[in-house]
S.K.: 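Supplied in structure tokens, the structure appears directly below.
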Amino acid sequence: MTIIASLLRAADLPDSPSARLDAELLLAAALGKPRSYLHTWPEKIVSSEHALTFADYLQRRRGGEPVAYILGQQGFWKLDLEVAPHTLIPRPDTELLVEAALELLQAVPAKVLDLGTGSGAIALALASERPMWQVTAVDRVLEAVALAERNRQRLHLNNAVVLNSHWFDALQGQTYDLIISNPPYIAANDPHLAAGDVRFEPASALVAGHDGLDDLRLIIQQAPAHLNVGGRLLLEHGYDQACAVRELLLGEGFDEVHSRIDLGGHERITLGRRPC
């Protein structure tokens, strides 16, 4: 017979700051219990079926597969989201986009567009915080559109809609008070693409040309036609791309252009305003 405490001691995941947390999350999922259960009942006996499920999860994690993909879910903002390998895993740094958007537009009626929504994380976080906003989320990947729609329905966010569109292609004639995006921004030859959890994430959601700016350029060029006067464009980008993104925004006539710092002290998001 195997108990919870001994399973955790024997987990043997690669040494990292998150190894213990990863093991606890995987065991809790295998048991169908909250993580707190492991600490409340460390001497509980684990069935052979649950132990085998845990062993399978551990093997996948040892191979580098992200915990979020193994469990099929990830927390973002105040939401629990379904995730899958055809979308990026929502990350805490991206919550800075949500914070900035909520600060820029108060709780009054507004139209908001999330480009490249993936799991729907940004759009659904905004819709949950601002019931008076009408939030449109788009993605070019049909599987991502279906995933974001499942998350929207499960969270009962009727002020959001999910559409299939490659950036603005399906949005002719539509204008918004805020356009927000966490687009691909990694250079094609970046060595980080072959390391860590990123290896398992879709390259189409990560890579944007030789300098990582291809999609950011396109969004910045096309956004003015889809922004109401005084509307804002809010973008996440790489830790070393803030200066380039500011120059792109200024080159397209945006004003009030500035960047904001993420949890690691890097300029991670940049925004601009369509002038009157």
Side-chain angles (χ1 to χ4, degrees), residues 16-18 21 66 68 74-79 81 88-107 110 112-130 133 135 176-187 190-193 195-198 201 205-209 211-221 223 227 230-275:
S16 75
S18 67
L21 173 60
Q74 175 72 12
F76 180 83
W77 198 247
K78 302 171 186 177
L79 311 176
L81 299 171
L88 289 184
I89 298 167
R91 289 172 167 81
D93 280 342
T94 299
E95 293 183 356
L96 182 59
L97 279 176
V98 177
E99 292 174 3
L102 295 175
E103 176 188 320
L104 288 169
L105 288 179
Q106 300 304 309
V112 176
L113 172 64
D114 174 27
L115 293 169
T117 196
S119 64
I122 295 168
L124 299 179
L126 294 176
S128 71
E129 293 286 345
R130 295 285 191 262
W133 290 4
V135 182
Y176 302 89
D177 302 298
L178 172 69
I179 298 173
I180 190 167
S181 184
N182 175 20
Y185 54 72
I186 299 178
D190 192 311
H192 294 95
L193 291 168
D197 290 0
V198 173
E201 296 185 271
L206 294 165
V207 179
D211 61 358
L213 293 170
D214 282 6
D215 289 306
L216 285 160
R217 286 191 189 94
L218 185 149
I219 291 169
I220 291 168
Q221 289 167 1
L227 277 171
R232 311 275 183 160
L233 177 61
L234 179 53
L235 301 165
E236 180 171 335
H237 49 69
Y239 74 95
D240 58 352
Q241 294 174 329
C243 182
V245 173
R246 288 195 295 269
E247 289 179 358
L248 289 169
L249 286 165
L250 291 169
E252 291 296 329
F254 284 87
D255 64 14
E256 298 182 16
V257 173
H258 64 282
S259 302
R260 299 191 182 186
I261 295 172
D262 67 11
L263 299 171
H266 300 112
E267 289 183 313
R268 180 64 65 178
I269 68 170
T270 297
L271 56 151
R273 172 182 170 273
R274 182 190 168 191

S.K.: Atom CD1 of Ile122 and atom CG of Leu234: how far apart are they, to the nearest 0.5 Å?
M.R.: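 It comes to 8.5 Å.
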S.K.: Which value, rounded to the nearest 0.5 Å, describes the distance between Ser181 atom OG and Asp215 atom CG?
M.R.: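 Between atom OG of Ser181 and atom CG of Asp215 there are 8.0 Å.
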S.K.: Let's go through Asp177 and Leu105 carefully: what are the C-alpha distance in whole Å and the side-chain angles of both, what is the deciding distance for side-chain contact (heavy atoms from CB on, under 4.5 Å) to 0.1 Å, and is it a yes or a no?
M.R.: CA-CA 9 Å; Asp177 302 298; Leu105 288 179; 4.2 Å; yes
S.K.: Quick one: list whatever passes salt bridge (charged side-chain N to carboxylate O under 4.0 Å, His left out) with Asp262, sequence neighbours left out.
M.R.: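 Salt bridge (charged side-chain N to carboxylate O under 4.0 Å, His left out) list for Asp262, sorted by chain: Arg268.
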S.K.: With sequence neighbours excluded, what pairs up with Asp93 under the salt bridge (charged side-chain N to carboxylate O under 4.0 Å, His left out) test?
M.R.: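 Expected list: none.
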S.K.: Provide the closest heavy-atom pair for Leu249 versus Gly272 in the form atom of the first, atom of the second, distance.
M.R.: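 It is CD1-N, 4.2 Å.
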S.K.: Rounded to the nearest 0.5 Å, what separates atom CG in Leu233 from atom CZ in Arg274?
M.R.: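 Separation between the atoms: 12.5 Å.
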S.K.: Quick one: side-chain contact (heavy atoms from CB on, under 4.5 Å) partners of Glu252, sequence neighbours excluded?
M.R.: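 Expected list: Ile220, Gln221, Phe254.
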S.K.: Kindly give the heavy-atom pair with the smallest separation between Ile179 and Ala223, and that separation in Å.
M.R.: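 Closest approach of Ile179 to Ala223, heavy atoms only: CD1-O, 4.1 Å.
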S.K.: Find the distance between CG (Asp114) and CD1 (Ile180) and round it off to the nearest 0.5 Å.
M.R.: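 The CG atom of Asp114 sits 6.5 Å away from the CD1 atom of Ile180.
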S.K.: Who pairs with Leu102 by side-chain contact (heavy atoms from CB on, under 4.5 Å), at least two apart in sequence or on another chain?
M.R.: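 Leu102 satisfies side-chain contact (heavy atoms from CB on, under 4.5 Å) with Trp77, Val98, Leu126, Glu129, Arg130, Trp133 only.
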S.K.: Between Glu95 and Phe76, is a side-chain contact (heavy atoms from CB on, under 4.5 Å) present by the stated rule, with each step listed?
M.R.: CA-CA 7 Å; Glu95 293 183 356; Phe76 180 83; 3.5 Å; yes
S.K.: Any chance you could measure Leu97, atom CG, to Leu235, atom CG, to the nearest 0.5 Å?
M.R.: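 It is 8.0 Å, given to the nearest 0.5 Å.
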S.K.: Evaluate the criterion side-chain contact (heavy atoms from CB on, under 4.5 Å) for residue pair Gln74 and Ile89; output intermediate values, then yes/no.
M.R.: CA-CA 7 Å; Gln74 175 72 12; Ile89 298 167; 3.9 Å; yes
S.K.: Please list, chain by chain and in numerical order, all residues satisfying side chain to side chain donor-acceptor pair (under 3.5 Å) with Glu103, sequence neighbours excluded.
M.R.: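 Testing Glu103 for side chain to side chain donor-acceptor pair (under 3.5 Å), a comparison that skips the adjacent residues, returns Arg260.
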S.K.: Can you name the residues that form a side chain to side chain donor-acceptor pair (under 3.5 Å) with Ser259, not counting sequence neighbours?
M.R.: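 Side chain to side chain donor-acceptor pair (under 3.5 Å) list for Ser259, sorted by chain: Arg246, Thr270.
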S.K.: How many angstroms lie between atom CG of Leu88 and atom CZ of Arg91, to the nearest 0.5 angstrom?
M.R.: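 Between atom CG of Leu88 and atom CZ of Arg91 there are 6.5 Å.
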S.K.: Taking all non-hydrogen atoms of both residues, which atom of Ala125 and which atom of Leu79 are closest, and how far apart?
M.R.: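 So the minimum-distance heavy-atom pair works out to N-CD1, 3.6 Å.
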S.K.: Scan residues 232-243 for pairs that pass salt bridge (charged side-chain N to carboxylate O under 4.0 Å, His left out), counting only residues two or more places apart or in two chains.
M.R.: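 Non-adjacent pairs meeting salt bridge (charged side-chain N to carboxylate O under 4.0 Å, His left out): Arg232-Glu256.
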S.K.: List the residues meeting side-chain contact (heavy atoms from CB on, under 4.5 Å) with Pro275, not counting sequence neighbours, and say none if there are none.
M.R.: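 For Pro275 the side-chain contact (heavy atoms from CB on, under 4.5 Å) partners, ignoring immediate neighbours, are Asp255, Arg273.
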S.K.: The criterion is ring-ring contact (aromatic ring centres under 6.0 Å, His included); which residues satisfy it with His258, sequence neighbours excluded?
M.R.: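 With neighbours one apart ignored, the set is empty.
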S.K.: Do Pro92 and Leu263 touch side chain to side chain, with heavy atoms closer than 4.5 Å?
M.R.: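 Touching, per the 4.5 Å side-chain cut-off.
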S.K.: Tell me, do Ile261 and His266 make a side-chain contact under 4.5 Å, heavy atoms counted?
M.R.: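 No, their side chains stay 4.5 Å or more apart.
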S.K.: Report yes if the side chains of Val257 and Leu271 come closer than 4.5 Å at any heavy-atom pair, otherwise no.
M.R.: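 With C-beta onward as the side chain, the pair stays apart.
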